[in-house]
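Have a look at this one before I ask anything.
Because the structure is a prediction, the values reported are computed rather than measured. Every heavy atom of this structure was used, including side-chain atoms; hydrogens, water molecules and symmetry mates were not.
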Number of protein chains: 2
Amino acid sequence: MSLAETSTGVALWRRVADSIEQSIADGTYPRNSKLPGETEIAELHRVNRHTVRRALAALAERGLVRAERGSGTYVEAPRIAYPLRSRTRFSEIVSAGGHEASGKLLSASIEDAPQDLAKHLGLKTGAPLLRIDALRTADRMPICVGSTWVDADRFPDGGKLYEKMQSITKVLAHFGIRDYRREWTNVTAAIADAADAARLDLALGRPVLVVEKLDTEMNGKPLIISRSRFAAERVQFVIEN
Amino acid sequence: MSLAETSTGVALWRRVADSIEQSIADGTYPRNSKLPGETEIAELHRVNRHTVRRALAALAERGLVRAERGSGTYVEAPRIAYPLRSRTRFSEIVSAGGHEASGKLLSASIEDAPQDLAKHLGLKTGAPLLRIDALRTADRMPICVGSTWVDADRFPDGGKLYEKMQSITKVLAHFGIRDYRREWTNVTAAIADAADAARLDLALGRPVLVVEKLDTEMNGKPLIISRSRFAAERVQFVIEN
DNA sequence: ACTTATTTGTTCGTATGTATG
DNA sequence: ACATACATACGAACAAATAAG
């Protein structure tokens with residue numbers, strides 16, 4: 001028998017990693033809890049601390065745990081699966097995941113369409129847009145913050161309505177738009193700036209997912225354009241084909 | 001007439017932002033070049049430096065420019081549009097964007113399937129997997145680095161074949177698999193660690209897009225699972241519905 | 001404000017089994 | 001058969017950040 005591997009042929013550090021992953025999955029190590037110290041895990045598995053560190057590094061790379069120097073290693077809360085489909089509604093997605101969805105209006109205003117937004121919405125530059133800035137949460141935890149623009153002429157007093165209804169979908173329904181569909185979604189990532197950190201309750205320097213999307217009416221007419229920033233550590237986009 | 005807006009009704013900072021965006025688009029400010037200093041831009045537009053800062057902040061939020069304290073503000077290179085569709089092939093996507101795609105084999109090895117990979121691939125835990133670690137580039141610029149696993153029993157000597165062919169698609173074709181499709185893609189974001197930074201030629205602390213995906217044969221049988229990390233500042237995923 | 005203990009992060013060294021040629 | 005390179009594993013010590021008193 002080798003030192004590095006047993007008869008199974010699986011590296012020791014990987015077996016330790018699998019074991020810890022299992023303990024996370026079955027709730028032995030609950031979400032957001034602190035794992036035992038590296039030396040303690042090493043004693044538990046009768047391996048060297050380096051072996052434990054290799055295992056934890058593998059789990060950290062996959063986002064299952066997070067090491068904090070001087071403090072400990074913690075189980076990451078699972079990310080909300082956020083499917084990007086033809087039908088994509090924040091509240092439906094969050095509710096379907098068993099969480100309580102909520103939207104908080106940050107500001108609503110009328111502004112004149114800059115070039116790029118006007119182009120996406122099929123309007124003229126300078127056309128009046130209703131802009132809604134909102135923070136969306138799941139179980140009181142901020143998930144994303146962003147701005148949404150719609151043609152202001154089509155939805156008079158839309159800002160006040162949103163404040164009451166807390167849902168863009170409902171505001172649109174009030175104006176007779178029963179359904180709409182996601183046309184395209186652009187996704188990239190950035191580092192949380194001070195504004196993100198404050199509104200999303202994130203530490204500075206944490207990653208955010210930067211999303212730009214267009215919704216259209218069922219006949220293909222542009223309806224909603226929005227730009228938002230998601231706390232990457234709380235969501236995982238899912239694209240199914 | 002208000003102080004903040006002229007007769008057009010467009011905020012001053014937004015007009016400055018639009019102007020700078022235009023200059024970036026038409027090549028007046030080339031990719032990766034340094035913008036004039038904030039005071040200089042302010043003089044050009046006859047506005048206060050604060051107005052310029054507001055404009056630059058808006059562009060930075062959208063990822064068009066990047067401010068470096070003590071150095072200057074730089075034009076970000078445009079991100080490669082990376083569609084996530086049923087048919088998703090790195091080289092095709094990059095070539096279609098007018099870039100030169102390349103793949104560099106980092107390592108190929110046989111390893112035993114851990115629980116999660118085995119489950120995704122429909123194999124038993126411990127089954128032999130061919131693992132290919134590769135770095136993919138566009139125009140010599142690293143785009144993503146990741147690991148790909150396939151059933152080792154189905155593709156003997158797949159590692160050596162990949163080394164020659166530089167393409168998973170071609171290796172599979174060699175074994176008679178003419179086509180496959182993307183089943184699902186999971187996307188989230190993280191911060192580049194030392195390994196990412198070295199392999200992707202990124203600064204520490206920059207964001208990476210973390211992707212896990214499954215490809216299947218046309219009959220739905222699991223074929224390829226892979227985990228990769230994309231330099232977020234160089235790609236933008238596009239989901240079209 | 002300071003000290004002390006704990007915990008992760010880093011860098012040495014040593015040894016062994018595996019793969020390559 | 002041998003040399004070399006590499007991954008794996010263990011041991012020890014110290015640095016750096018954090019938490020507690």
Side-chain angles (χ1 to χ4, degrees), chain A residues 1-21 23-24 28-77 197 201-206 233, chain B residues 104-115 117 125-135 145-150 152-153 155-164 190-199 202-206 208 227:
Chain A
M1 192 196 295
S2 77
L3 250 180
E5 301 179 0
T6 69
S7 54
T8 68
V10 178
L12 240 189
W13 65 264
R14 192 181 292 278
R15 289 192 297 171
V16 174
D18 281 347
S19 164
I20 296 173
E21 185 176 356
S23 298
I24 291 173
T28 306
Y29 299 141
R31 317 298 164 192
N32 291 315
S33 69
K34 186 166 169 293
L35 290 185
E38 292 174 352
T39 52
E40 195 174 336
I41 298 179
E43 286 165 10
L44 276 173
H45 290 82
R46 312 291 188 89
V47 299
N48 189 274
R49 184 172 156 237
H50 286 303
T51 310
V52 174
R53 285 183 58 74
R54 183 93 158 80
L56 290 175
L59 296 179
E61 173 134 346
R62 287 175 45 207
L64 272 69
V65 303
R66 155 184 43 93
E68 288 183 14
R69 180 182 198 169
S71 172
T73 306
Y74 299 83
V75 180
E76 288 269 26
D201 192 21
L202 271 181
L204 273 172
R206 302 298 303 162
E233 55 202 51
Chain B
K104 184 187 168 197
L105 178 68
L106 298 178
S107 75
S109 59
I110 305 291
E111 65 181 33
D112 300 272
Q115 292 171 14
L117 292 184
T125 302
L129 295 183
L130 168 63
R131 170 183 174 153
I132 293 172
D133 283 25
L135 174 71
V145 61
S147 306
T148 299
W149 292 269
V150 296
D153 289 335
F155 310 104
D157 285 324
K160 283 172 187 161
L161 288 170
Y162 181 86
E163 198 162 3
K164 273 196 298 190
I191 300 299
D193 59 24
D196 296 328
R199 297 183 297 184
L202 270 182
L204 273 172
R206 301 297 303 160
V208 291
R227 293 184 179 140

Exercise for review: Could you pick out which residue, A/Arg49 or A/Arg14, lies toward the 5' side of DNA chain D when each is mapped onto its nearest nucleotide?
Suggested key: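 Checking each residue's closest nucleotide, the 5'-ward one belongs to A/Arg14.
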Review point. Rounded to the nearest Å, what distance is computed from the CZ atom of residue A/Arg15 to the P atom of nucleotide D/dA9?
Key: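 That distance rounds to 8 Å.
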Check your understanding: Could you give the CH2-to-P distance, from A/Trp13 to C/dG17, as a whole number of Å?
Key ->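 Spelled out: CH2 on A/Trp13 to P on C/dG17 is 21 Å.
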Practice item. Whole angstrom is fine here: how far is it from CD1 in B/Ile110 over to C1' in D/dA7? Key: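 The answer, rounded to whole Å, is 16 Å.
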Point to revise | Contacts of type side-chain hydrogen bond (donor to acceptor under 3.5 Å, both in side chains), residue A/Ser71, not counting sequence neighbours | key: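 Applying side-chain hydrogen bond (donor to acceptor under 3.5 Å, both in side chains) to A/Ser71 gives A/Tyr74.
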Review point. Contact class for A/Thr73 vs. all strands (heavy atom < 4.0 Å): base, sugar-phosphate, or nothing?
Key: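 Answer is sugar-phosphate: A/Thr73 comes under 4.0 Å of backbone atoms only.
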Review point. Do A/Thr51 and A/His45 come within less than 4.5 Å of each other through their side chains, counting heavy atoms only?
Key: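 No. Closest side-chain heavy atoms not under 4.5 Å.
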Review point. So, A/Arg66 and A/Glu233, do they make that salt bridge, N to O below 4.0 Å?
Key: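 No, A/Arg66 and A/Glu233 are not salt-bridged.
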Check your understanding: How many Å lie between CG on B/Leu106 and P on D/dC6, as a whole number?
Key ->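 Nearest whole value for this atom pair: 14 Å.
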Review point. Which sits closer to the 5' end of DNA chain C, A/His50 or A/Gly72, going by the nucleotide each is nearest to?
Key: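 Whichever sits nearer the 5' end wins; that is A/Gly72.
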Check your understanding: Quick one: is A/Asn48 getting a side-chain N or O under 4.0 Å of the D/dA9 phosphate, OP1 or OP2?
Key ->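 Looking at the OP1 and OP2 atoms of D/dA9, neither is under 4.0 Å from any side-chain N or O of A/Asn48.
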Check your understanding: For residues 54-69 of chain A, which residues have at least one heavy atom under 4.0 Å from DNA chain C?
Key ->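 Output list: A/Ala67, A/Glu68, A/Arg69.
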**Study point:** Note, A/Leu59 side chain near A/Glu76 side chain (heavy atom, < 4.5 Å)
**Key:**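 No, their side chains stay 4.5 Å or more apart.
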Review point. According to a strict under-4.0 Å criterion, is A/Arg53 in side-chain N/O contact with OP1 or OP2 of C/dG9?
Key: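 Yes, because at least one side-chain N or O of A/Arg53 sits under 4.0 Å from OP1 or OP2 of C/dG9.
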Review point. Between A/Ser71 and C/dT6, is there a side-chain N or O to OP1/OP2 distance below 4.0 Å?
Key: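 So the side-chain polar atoms of A/Ser71 never come under 4.0 Å of the phosphate oxygens OP1 or OP2 of C/dT6.
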Review point. Between A/Ile20 and A/Leu64, is any pair of side-chain heavy atoms under 4.5 Å apart?
Key: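 SC-SC contact between A/Ile20 and A/Leu64 ruled out.
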Check your understanding: Given side chains that start at C-beta, do those of B/Pro128 and B/Asp153 come closer than 4.5 Å, heavy atoms only?
Key ->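 Yes; the side chains approach each other to less than 4.5 Å.
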**Study point:** Audit row: A/Ile41, A/Thr73, side-chain contact (heavy atoms from CB on, under 4.5 Å) steps and yes/no
**Key:** CA-CA 11 Å; A/Ile41 298 179; A/Thr73 306; over 6 Å; no
Review point. A/Glu38 has an atom CD; how far is it from atom P of C/dA5, in whole Å?
Key: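 Between P of C/dA5 and CD of A/Glu38: 21 Å.
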Practice item. Measure the angle between the two terminal helix axes of the helix from C/dC2-D/dG21 to C/dG21-D/dC2, five base pairs each, and quote it to 10°. Key: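 Answer rounded to 10°: the end axes differ by 20°.
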Practice item. Please report, rounded to the nearest Å, how far the P atom of C/dT7 is from the OH atom of A/Tyr74. Key: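 Result: 10 Å.
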Review point. Should A/Asn32 and A/Val75 count as side-chain neighbours, where that means a heavy-atom distance under 4.5 Å?
Key: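 The answer is no, as the side chains (C-beta and beyond) never meet within the 4.5 Å cut-off.
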**Study point:** For B/Ser147, the option from B/Glu111, B/Arg227, B/Arg131 that meets side-chain hydrogen bond (donor to acceptor under 3.5 Å, both in side chains)
**Key:**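 The passing option is B/Arg131.
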